[in-house]
There are 2 protein chains.
Amino acid sequence: MPKFLDSLPMILSRSLDGIMPVYRTLFQEHAITDQQWRVMRALWEQKHLTSRQIAEITLLPSPSLVGILDRLEKKGFVGRLRSIEDRRLVYIVPTQAGRELQELMLPKIEQIHDSFTQKVTPEEWGELNRILEKLNEYKTTSEIASGNRV
Amino acid sequence: MPKFLDSLPMILSRSLDGIMPVYRTLFQEHAITDQQWRVMRALWEQKHLTSRQIAEITLLPSPSLVGILDRLEKKGFVGRLRSIEDRRLVYIVPTQAGRELQELMLPKIEQIHDSFTQKVTPEEWGELNRILEKLNEYKTTSEIASGNRV
DNA sequence: GTTTTATTATTAATATGTTAATGATTAATA
DNA sequence: TATTAATCATTAACATATTAATAATAAAAC
């Protein structure tokens, strides 16, 4: 009889709820949101990325990305460039101010990351990644079918 | 040099992104959302809970809960009852329809849960919980200070 | 007992998530 | 090459998250 609080969505949500505020303190100092930073971070060491690529890298849904990019554009951190070869594509390009924001924030982000990884052993960190991946392994067709049938 | 995609927020988000659709298929069959189910699930085997209690159990922010409860009330799954002893409190009570929804969904929810836990060994499941808790352990005052300073 | 402080639920304002649909464009195929 | 199918970004409609503020009530302190 698995208890509600021990379900996978709950333990992952609880973990995220505990982790994000640590990052959010930094984000607020720069007046951007979690999601907006994700986009800027994805553009690190990139000349440009299409909206679609950013969605894949950041895990942000495309429809949400439209507004997120609007606000980043309004803040002057990125620009939009319509591709000439394939006019369906829109390249997202970090501006000078965007690059400066990246340079400013990235070291601190990595510091926070280190502070988390150092709470566990390297073996535990590896285990965490391995177990999570195992939980997310693709299901076989029959498993999906039975999963949808319940 | 920790890579973006290996950061703690990203691996947890990626995991959630992979997990939730499995549940969501069931939720959609009953025309409710993730959050709405969380509330109903919290009320399982409970006569009533205050809004605050539900927020704590479900991890849903109080301001969000107002709307979520509004919609659950409109669907006829819960009722609101103002407490007499302490008139600040509002008791959330599952209706008959709400109880039936719980009875209907809970076994399937537990099936899904089992399908996930069975993807890993019991030891791995324990490890996952232990490592996540370790990552979320309360910081000491000095650690918080240095964390905010970066 | 009245002023102060805490607590509970809620509202407000803004940002994002979710699902489905759309317009513009390109690729694939008959 | 005319048609059909696929792709990309975006819009639309609704639900939720985040932070700060508020109204009502209760508990604490004076």
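Being a predicted model, the structure only gives us computed values, none of them experimental. In the text below, chain A, chain B and the rest are named by the order of the sequence lines, each starting its count at 1.
Residue A:Leu43 holds its CG atom at 14.0 Å from CZ of A:Arg38, rounded to the nearest 0.5 Å. Distance check: B:Gln118 CD to B:His113 NE2 gives 9.5 Å after rounding to the nearest 0.5 Å. Separating the CG atom in B:Leu101 from the OG1 atom in B:Thr95 is a distance of 9.0 Å, to the nearest 0.5 Å. The distance from the CZ atom of B:Arg52 to the CD1 atom of B:Ile92 is 14.0 Å, given to the nearest 0.5 Å.
Comparing B:Arg24 and A:Gln35 by the nucleotide of DNA chain C that holds the closest heavy atom to each, the one mapping nearer the 5' end is A:Gln35. Where A:Ser51 and B:Thr33 each meet DNA chain D at their nearest nucleotide, the meeting point lying more 5' is that of A:Ser51.
Computed from coordinates, the B:Arg82 CZ to D:dA23 P distance equals 15 Å when rounded to whole Å. We find that CD1 of B:Ile84 is positioned 14 Å from P of D:dT25, with the value rounded to whole Å. The distance between atom CG of B:Leu69 and atom C1' of D:dA15, rounded to the nearest whole Å, is 13 Å. Between A:Leu89 atom CG and D:dT7 atom C1' the separation is 9 Å, expressed in whole Å. Across the protein-nucleic acid pair, B:Ile32 atom CD1 and D:dC14 atom C1' stand 16 Å apart, rounded to whole Å. Atom CD in A:Gln28 sits about 9 Å away from atom C1' in D:dT18, given to the nearest Å. Remark: C1' of D:dT10 and CD1 of A:Ile54 are 15 Å apart, rounded to the nearest angstrom. D:dC14 atom P lies 11 Å from atom NZ of B:Lys74, rounded to whole Å.
Looking at heavy-atom distances under 4.0 Å, A:Leu65 makes no contact with the nucleic acid at all. Among the protein residues, A:Ser62 comes within range of the nucleic acid bases, having at least one heavy atom under 4.0 Å from a base atom. Looking at heavy-atom distances under 4.0 Å, A:Val66 makes contact with a base. When heavy atoms are screened at a 4.0 angstrom cut-off, A:Gln53 is found touching no nucleic acid atom at all.
With D:dA26, D:dA15, D:dA17 as the candidates, the nucleotide lying closest to the side chain of B:Leu60 is D:dA17. Residue A:Arg80 has its side chain nearest to D:dT10 when only D:dT10, D:dT18, D:dT7 are considered.
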Solution key, residues 72-79 of chain B side-chain donor-acceptor pairs under 3.5 Å, sequence neighbours excluded:
unit_1  : atom_1 : unit_2  : atom_2 : d
B:Glu73 : OE1    : B:Arg80 : NH1    : 2.6
B:Lys75 : NZ     : B:Ala31 : O      : 3.0
B:Lys75 : NZ     : B:Gln36 : OE1    : 2.7

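Applying the 4.5 Å side-chain rule to ILVMFWY residues, one finds A:Leu81, A:Leu89, A:Val93 in the same cluster as A:Tyr91. Taking a 4.5 Å side-chain heavy-atom cut-off between Ile, Leu, Val, Met, Phe, Trp and Tyr, the cluster of A:Leu104 contains only that residue.
In this view, A:Arg99 and A:Gln102 satisfy the side chain to side chain donor-acceptor pair (under 3.5 Å) rule, not counting sequence neighbours.
Chain A approaches DNA chain C over the interval C:dA15 to C:dT26, counting the first and last nucleotide 5' to 3' with an atom under 4.0 Å from its heavy atoms.
Put simply, the side chain of A:Ser15 never gets that close to the backbone of A:Leu12: no donor and acceptor are under 3.5 Å apart. A:Lys119 contributes a side-chain N or O that, together with a main-chain N or O of B:Glu137, makes up a donor-acceptor pair within less than 3.5 Å.
End-to-end axis angle of the helix from C:dG1-D:dC30 to C:dA30-D:dT1, using five pairs per end and rounding to 10°, comes to 10°.
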